[in-house]
Amino acid sequence: MAQLGKIFVSFFKIGLFTFGGGYAMMPLFRQELIEKRKYITEDELIDYYSIGQCTPGVIAVNVATFTGYKIQKVLGAAVATLAIILPSLLIIMVLAGILNTLADNQIVAHAFAGIRVGVIALILKEVIVLFKKAVATKFQLALFVCVLFLLFCIHFSAITVVLLAAFAGFVKRLKDR
Amino acid sequence: MIYGLLFWEFFKIGLFAIGGGMVTIPFLFDLTKKYNWFSAEDLTNMIAVSQSTPGPVGVNMATYAGFQTAGVWGGIVATFGVVLPSVIIVIGVSKLLGRYKDSPWVIEIMAAIRPAVVALILLAGVELLKLSVTDRISALFGGAFFLMVYFFKKSPIFYIVLSAVLGVVLKL
């Protein structure tokens, strides 16, 4: 029980004090899980991250689940996962409630009109960063172009696109073998 | 039953959004077309709030979207929905960690999914751009802002606060 309590506190803290998700959370993971609590080693953290990137879902949550599972199996995984999402649940719902009541305020409306433009710039920058990481081979470039073409011409859903791409990777592996 | 549907839709997002927070954007964008839960404009606000509050972006987005759709319980249901697939998968994979990570099958399939996901985010970004950039002032502001974001490495929070201030000043 005491162990589970400690796991909860660690991950609640990580959820509360990190901004941005993914790699932005790595320093706090390292400080809390490796240096302070010694739950995992540096190698394990890197492993969790690399696996977190090839399993579905939010990477930081995956790392929490992995670590919790390592310490105390399914119960540990459940507690760690719950603890890392709890701060988001509380903060976002309070904030969303406040923002909804302010929606008619003229200044808030202007601020959000500005934010909406700013966010697009952030998304497009992220696309460039991700593109450099994701598109390294001719095959990947061809896939990127195909998907873009399909999306613009036929409006496939995001899920269909991911399934098709996974299938393309599967077929390529069959051929490469 | 809205909660059941909400859970199912976010479960699917948790299952297919591979690669982290930003990847959920195209999936949430699909929801704006499929249901009347929240608008594409709401989605842009959600992204801004999710980036500038603590916690993983993907989780923040799910909570916000669920809350906008069906209040407090909506937020809880959507968040659990988005998290559950990865919890199940991670617990399953935990036992064969090394074998999964180094499997050539996993590596090649992931190598194929990643470029597709980039294309998805690009398209969602372009669709949202059409909604946000509506006149000459916002186009100019957006262009200048993109160059700044691209060339100066500051935290997203800095840029979101700055864009809010500029929105008020320019009366966007």
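Below, each value reflects all heavy atoms present in this structure, side chains not excepted, and no hydrogens, waters or symmetry copies. Every chain is numbered from 1, with letters handed out A, B, ... down the list of sequences.
- No more than 12 heavy atoms of other residues, nucleotides or ligands sit less than 6.0 Å from atom CG of Asn36(B).
- Phe29(A) and Val9(A) are not part of a single hydrophobic cluster, where members link through side-chain heavy atoms under 4.5 Å apart.
- Heavy atoms closer than 4.5 Å to chain A are found in both the backbone and the side chain of Tyr64(B).
- Heavy-atom pairs under 4.5 Å with chain A were tallied for Ile47(B), Val87(B), Leu166(B); the largest tally goes to Val87(B).
- With a threshold of 4.5 angstrom between heavy atoms, Pro85(B) does not approach chain A through any atom at all.
- At a 4.5 Å heavy-atom cutoff, the contact between Phe145(B) and chain A is made by backbone and side-chain atoms alike.
- Using a 4.5 Å cut-off between heavy atoms, Phe167(A) makes no contact with chain B at all.
- Ala116(B) and Val161(A) get closest at one heavy-atom pair: CB-CG1, 4.0 Å.
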**Request:** For side chain to side chain contact (heavy atoms under 4.5 Å, CB included), just list the numbers for Val93(B) and Ile51(A), CA-CA rounded to whole Å, side-chain angles, deciding distance to a tenth of an Å, and then say yes or no.
**Result:** CA-CA 9 Å; Val93(B) 167; Ile51(A) 301 166; 4.1 Å; yes
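- Taking 4.5 Å as the limit, every side-chain heavy atom of Val90(B) sits out of range of all side-chain heavy atoms of Tyr69(A).
- Heavy-atom distances place both the backbone and the side chain of Val72(B) under 4.5 Å from chain A.
- In terms of heavy-atom pairs under 4.5 angstrom with chain B, the leader among Leu89(A), Val61(A), Leu16(A) is Leu89(A).
- For Ala77(A), the part lying under 4.5 angstrom from a heavy atom of chain B is the side chain only.
- If you check the side chains of Ser157(A) and Asp30(B), you find no donor sitting under 3.5 Å from an acceptor.
- In Trp105(B), the CH2 atom is crowded: over 12 heavy atoms of neighbouring residues, nucleotides or ligands sit closer than 6.0 Å.
- Note that CG of Leu86(A) and OG1 of Thr79(B) are 10.0 Å apart. Values are rounded to the nearest 0.5 Å.
- Between chain B and the options Ala158(A), Ala165(A), Ala168(A), Gly118(A), heavy-atom pairs under 4.5 Å are most frequent for Ala158(A).
- Contact count against chain B (heavy-atom pairs under 4.5 Å) is highest for Ala121(A) among Ala136(A), Ala109(A), Ala121(A), Ser50(A).
- Closest heavy-atom contact between Ser86(B) and Gly57(A): CB-CA, 4.0 Å.
- Among Gly125(B), Pro115(B), Ala112(B), Gly167(B), the residue with the largest count of heavy-atom pairs under 4.5 Å with chain A is Pro115(B).
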**Message:** Under the criterion side chain to side chain contact (heavy atoms under 4.5 Å, CB included), I'd like the reasoning laid out for Asn45(B) against Leu99(A): C-alpha separation, chi angles, the key distance, then a yes or no.
**Reply:** CA-CA 10 Å; Asn45(B) 297 351; Leu99(A) 289 175; over 6 Å; no
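- Rounding to the nearest 0.5 Å gives a distance of 8.0 Å between CD of Glu126(A) and CD1 of Ile25(B).
- Ile107(A) CD1: 12 or fewer foreign heavy atoms inside a 6.0 Å radius.
- More than 12 heavy atoms of other residues, nucleotides or ligands lie within 6.0 Å of NZ in Lys33(B), so this atom counts as buried by the packing criterion.
- We find the CG-CZ distance between Leu120(B) and Phe156(A) to be 11.5 Å, quoted to the nearest 0.5 Å.
- In the hydrophobic clustering of this structure, Ile107(B) does not group with Val171(A); members are Ile, Leu, Val, Met, Phe, Trp, Tyr whose side-chain heavy atoms approach within less than 4.5 Å, directly or through other members.
- Phe29(B) is connected to Trp8(B) through a chain of hydrophobic side-chain contacts under 4.5 Å among Ile, Leu, Val, Met, Phe, Trp and Tyr, so both are in one cluster.
- Using a 4.5 Å cut-off between heavy atoms, Gln68(B) touches chain A through its side chain atoms alone.
- For a residue to count as touching a neighbouring chain, one of its non-hydrogen atoms must lie under 4.5 Å from one of that chain's; by this rule Ser52(B) touches chain A with the backbone only.
- Under the 4.5 Å side-chain heavy-atom criterion for grouping Ile, Leu, Val, Met, Phe, Trp and Tyr, Ile137(B) is not connected to Leu140(B) through any hydrophobic cluster.
- The shortest heavy-atom contact between Phe146(B) and Lys125(A) is CE1-N, 3.8 Å.
- Residue Gln51(B) holds its CD atom at 11.5 Å from CD1 of Ile115(A), rounded to the nearest 0.5 Å.
- Comparing Pro26(B), Ser50(B), Pro104(B) by heavy-atom pairs within less than 4.5 Å of chain A, the highest count is held by Pro104(B).
- Each of Ile91(A), Ile92(A), Leu95(A) was scored for a side chain to side chain contact (heavy atoms under 4.5 Å, CB included) with Asn60(B), with one residue passing: Ile92(A).
- Across every non-hydrogen atom of Phe16(B) and Leu163(A), the tightest pair is CE2-CD2, 3.5 Å.
- If you measure heavy-atom distances from Leu147(B) to chain A, you find no contacts under 4.5 Å at all.
- The structure places CZ of Phe80(B) at 4.5 Å from CD1 of Ile85(A), a figure rounded to the nearest 0.5 Å.
- Counting non-hydrogen atoms of other residues, nucleotides and ligands closer than 6.0 Å to OH of Tyr35(B) gives a total above 12.
- Counting heavy-atom pairs under 4.5 Å between each of Val117(A), Leu150(A), Val58(A) and chain B puts Val117(A) at the top.
- Looking at heavy atoms from C-beta onward, Leu128(B) lies out of side-chain contact with Val119(A) at the 4.5 angstrom threshold.
- Heavy atoms closer than 4.5 Å to chain B are found in both the backbone and the side chain of Val162(A).
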**Asked** After noting the C-alpha distance and the side-chain angles of Leu122(A) and Tyr159(B), does the key distance pass the side chain to side chain contact (heavy atoms under 4.5 Å, CB included) rule?
**Response** CA-CA 8 Å; Leu122(A) 289 173; Tyr159(B) 285 120; 4.2 Å; yes
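- In terms of heavy-atom proximity, Ile123(A) sits nearest to Met22(B) at CA-CE, 4.3 Å.
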**Request:** Check the pair Phe144(A) / Leu122(B) against side chain to side chain contact (heavy atoms under 4.5 Å, CB included), numbers first and verdict last.
**Result:** CA-CA 11 Å; Phe144(A) 177 80; Leu122(B) 174 61; 4.1 Å; yes
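- Atom NE2 of His110(A) sits about 10.0 Å away from atom CG of Leu170(B), to the nearest 0.5 Å.
- Hydrophobic clustering places Phe152(A) together with Phe131(A) (ILVMFWY residues linked when any side-chain heavy atoms are closer than 4.5 Å, directly or through intermediates).
- Heavy atoms closer than 4.5 Å to chain A are found in the side chain of Ile89(B), but not in its backbone.
- Contacts between Ile76(B) and chain A at a heavy-atom distance below 4.5 Å involve backbone atoms as well as side-chain atoms.
- Interface remark: Ala48(B) contributes backbone and side-chain atoms alike to the contact with chain A (heavy atom separation under 4.5 Å).
- Here Ile128(A) is the residue among Thr137(A), Ile128(A), Val135(A) with the most heavy-atom pairs under 4.5 Å with chain B.
- Within the 4.5 Å cutoff, side-chain heavy atoms of Thr81(A) are placed close to those of Val83(B).
- Under the 4.5 Å side-chain criterion, counting only non-hydrogen atoms from C-beta, Glu41(B) is in contact with Arg116(A).
- Taking each heavy atom of Gly114(A) and Leu172(B) in turn, the nearest pair found is CA-CD1, 3.6 Å.
- Interface remark: of the candidates Val147(A), Leu82(A), Leu141(A), Val147(A) forms the most heavy-atom pairs closer than 4.5 Å to chain B.
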